[in-house]
Trainee: 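One structure, pasted below without further comment.
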2 protein chains.
Amino acid sequence: MRTGRAVLIDPYLPPSLLRRWERRCHLSDQDRNAFQALPFTRRCYGKDAYIVEEGQRATYCSLLLSGFAYRQKLVHDGGRQIMAIHIPGEFIDLENCSLAVADHNVQSLVGCEVAQVPVAALRDLAQAHPTIAAAMRLDMQINASISREWVVNVGRRDARTRIAHLLCELALRLEASGNATGGIYQFPLTQDQVADATGLTPVHTNRTLQSLRRDGLISLSSGALQVLNWERLRQAGDFNERYLHHAV
Amino acid sequence: MRTGRAVLIDPYLPPSLLRRWERRCHLSDQDRNAFQALPFTRRCYGKDAYIVEEGQRATYCSLLLSGFAYRQKLVHDGGRQIMAIHIPGEFIDLENCSLAVADHNVQSLVGCEVAQVPVAALRDLAQAHPTIAAAMRLDMQINASISREWVVNVGRRDARTRIAHLLCELALRLEASGNATGGIYQFPLTQDQVADATGLTPVHTNRTLQSLRRDGLISLSSGALQVLNWERLRQAGDFNERYLHHAV
DNA sequence: CGTATTGTTGAGCGTAGTCAAAGTTAGTGG
DNA sequence: CCACTAACTTTGACTACGCTCAACAATACG
């Protein structure tokens with residue numbers, strides 16, 4: 001399953017993450033330069049490759065450069081639950097800075113590139129640059145907030161609401177990350193994966209997506225999502241973006 | 001609903017949180033002294049009082065001194081989902097250090113006392129004491145890990161497994177926090193609250209608890225939980241404590 | 001062009017939800 | 001200390017949302 005191979009190409013980290021941080025924190029030139037000077041290894045993963053495996057000890061954190069990734073756990077009977085979806089410009093395992101052992105798996109969707117930054121370098125950076133430390137804390141806390149919202153979503157909402165909510169969240173985040181053109185979002189999940197993210201079965205997910213299409217809320221096919229009526233989708237998904245904390 | 005009243009009593013924070021941190025981080029005397037010198041206000045809450053309200057801007061973080069508290073969100077149709085349960089010695093809103101606005105509610109169970117520490121003081125402490133900053137990060141990350149496990153629990157497990165899992169988690173954490181004597185845990189949740197934490201209805205929760213009792217896994221009544229067969233409860237709950245990261 | 005993956009449909013079933021009432025426990029005040 | 005009340009737990013009957021299994025259609029891909 002492991003299909004990563006290490007290739008060192010670019011000497012500098014791309015600025016997508018910095019742009020996101022700067023929307024919330026005022027970074028100095030020193031902060032920016034120190035971040036971009038971070039050592040890293042560029043690595044590519046094929047479809048469904050394991051980027052992080054439960055139980056693993058990691059010595060680096062992976063910043064997603066392109067493609068998508070998701071956090072996942074398997075339960076005893078073989079079921080799979082997706083707990084988070086990551087889009088380019090996000091760290092997919094920042095918790096490696098604090099936790100010794102990974103408590104879940106991270107897999108690539110379709111395929112992706114990541115920049116592996118040594119944990120020690122990231123820790124030193126945070127120590128020397130309090131503003132960057134604050135930005136990293138903020139990222140961690142926003143991820144925690146999203147995770148709490150997912151507990152609510154799979155715990156207390158019916159199938160239609162769950163899926164609409166997931167679509168709302170992804171639409172906003174994809175918009176912000178530049179994976180959208182003219183209201184059409186590059187939607188990376190298969191119906192099986194939507195099912196695993198919402199705690200439903202693929203069959204019921206299929207039927208529910210059809211009902212959302214039939215009602216004119218969305219159009220979704222071959223990896224392209226179009227929100228036809230944002231306000232109605234928002235209502236259908238019981239969606240309140242507060243939990244994203246202006247991350248979008 | 002708001003029943004808090006401020007009373008300043010003790011000049012020093014109690015050491016329960018420090019003890020937990022010291023199991024994972026090596027704090028110096030300076031670290032310890034600085035933590036215990038933190039300014040704070042002691043505050044008591046009655047049953048079901050709102051300690052944090054969604055949308056609120058907080059200027060302090062609350063450390064739970066006694067009693068229990070839970071994080072909660074309400075959905076459109078009036079349903080409630082509990083996303084976390086906190087026991088004495090834990091911060092219930094450390095995210096206030098990073099996030100401007102609360103994204104969920106925190107309520108007291110039965111009744112509790114908290115120490116309100118000004119966010120600014122906590123931030124200064126973390127800045128001056130890197131080891132304490134690391135301990136705080138670790139706390140945040142463990143909470144995030146628990147939250148991810150809860151997504152799995154409500155998303156991919158059946159009623160019996162969900163409830164057994166919740167009981168396992170609480171038993172371990174209550175044990176570690178000293179709320180246990182001779183295998184009997186002070187269990188603070190009503191069946192309604194267990195239902196809200198597991199995404200089930202109170203009626204089904206009741207029937208499921210009865211089945212766990214009937215099978216001799218637990219005994220639970222009037223706020224006292226006894227685990228009669230840990231190994232079978234662990235199996236019934238598909239429970240693997242890795243996600244707690246030795247917090248217990 | 002053939003094969004694997006993903007999406008769609010149908011029929012039947014089962015876990016958990018709903019509603020309503022009764023039983024039990026805990027807490028309060030007379 | 002007992003009576004009363006509110007909160008919590010338990011039970012039963014019925015319902016329904018979402019699951020299962022199985023087959024088929026449509027895409028993507030090598």
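Letters go in sequence order (proteins before strands), and every chain restarts at 1.
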Trainee: Figure out the CG/P separation between B:N206 and C:dA22, and round it to whole Å.
Mentor: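 Computing the B:N206:CG to C:dA22:P distance gives 17 Å.
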
Trainee: How would you label the contact of A:L200 with the nucleic acid (heavy atoms, under 4.0 Å): base, sugar-phosphate, or nothing?
Mentor: sugar-phosphate

Trainee: Got a sec, which pairs hit ring-ring contact (aromatic ring centres under 6.0 Å, His included) with one end in residues 179-214 of chain A, sequence neighbours left out?
Mentor: none

Trainee: Given atom CD of A:Q191 and atom C1' of D:dT27, what is their separation to the nearest angstrom?
Mentor: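 For the pair A:Q191 CD and D:dT27 C1', the rounded distance is 12 Å.
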
Trainee: With sequence neighbours excluded, what pairs up with A:D93 under the salt bridge (Lys or Arg N to Asp or Glu O under 4.0 Å) test?
Mentor: none

Trainee: Go through D:dC19, C:dT5, D:dA7 for me and flag the one nearest to the A:T201 side chain.
Mentor: D:dC19

Trainee: Show me the protein contacts with nucleotides 12-17 of chain D, counting only N or O atoms at under 3.5 Å.
Mentor:
unit_1: D:dG12; atom_1: N7; unit_2: B:R207; atom_2: NH2; d: 2.4
unit_1: D:dG12; atom_1: O6; unit_2: B:R207; atom_2: NH2; d: 3.4

Trainee: How would you list, by chain and number, every residue that makes a salt bridge (Lys or Arg N to Asp or Glu O under 4.0 Å) with B:R19, sequence neighbours excluded?
Mentor: none

Trainee: Just checking A:G199: base, sugar-phosphate only, or nothing, at a heavy-atom cut-off of under 4.0 Å?
Mentor: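 It contacts sugar-phosphate atoms only.
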
Trainee: On DNA chain C, compare the nucleotides closest to A:R213 and B:T208; which residue's is nearer the 5' end?
Mentor: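 Residue closer to the 5' terminus by nearest nucleotide: A:R213.
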
Trainee: May I have the distance from A:R214 (atom CZ) to C:dT8 (atom P), rounded to whole angstrom?
Mentor: 11 Å

Trainee: Check the distance between D:dA7's C1' and B:L109's CG and give it to me in whole angstrom.
Mentor: 15 Å

Trainee: Mind checking what makes ring pair (Phe, Tyr, Trp, His ring centres under 6.0 Å) contact with B:F239, not counting sequence neighbours?
Mentor: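 Testing B:F239 for ring pair (Phe, Tyr, Trp, His ring centres under 6.0 Å), a comparison that skips the adjacent residues, returns B:H165, B:Y243.
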
Trainee: Just jot down the side chain to side chain contact (heavy atoms under 4.5 Å, CB included) partners of A:V110, sequence neighbours excluded, or say none.
Mentor: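 In terms of side chain to side chain contact (heavy atoms under 4.5 Å, CB included), with neighbours along the sequence ignored, A:V110 is linked to no residue.
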
Trainee: Using a 4.0 Å heavy-atom cut-off across all strands, classify A:R157 as base, sugar-phosphate, or nothing.
Mentor: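 Result for A:R157 = nothing.
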
Trainee: Distance only, no hydrogens: is a donor on one side chain within 3.5 Å (strictly under) of an acceptor on the other, for B:E113 and B:S66?
Mentor: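 Yes.
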
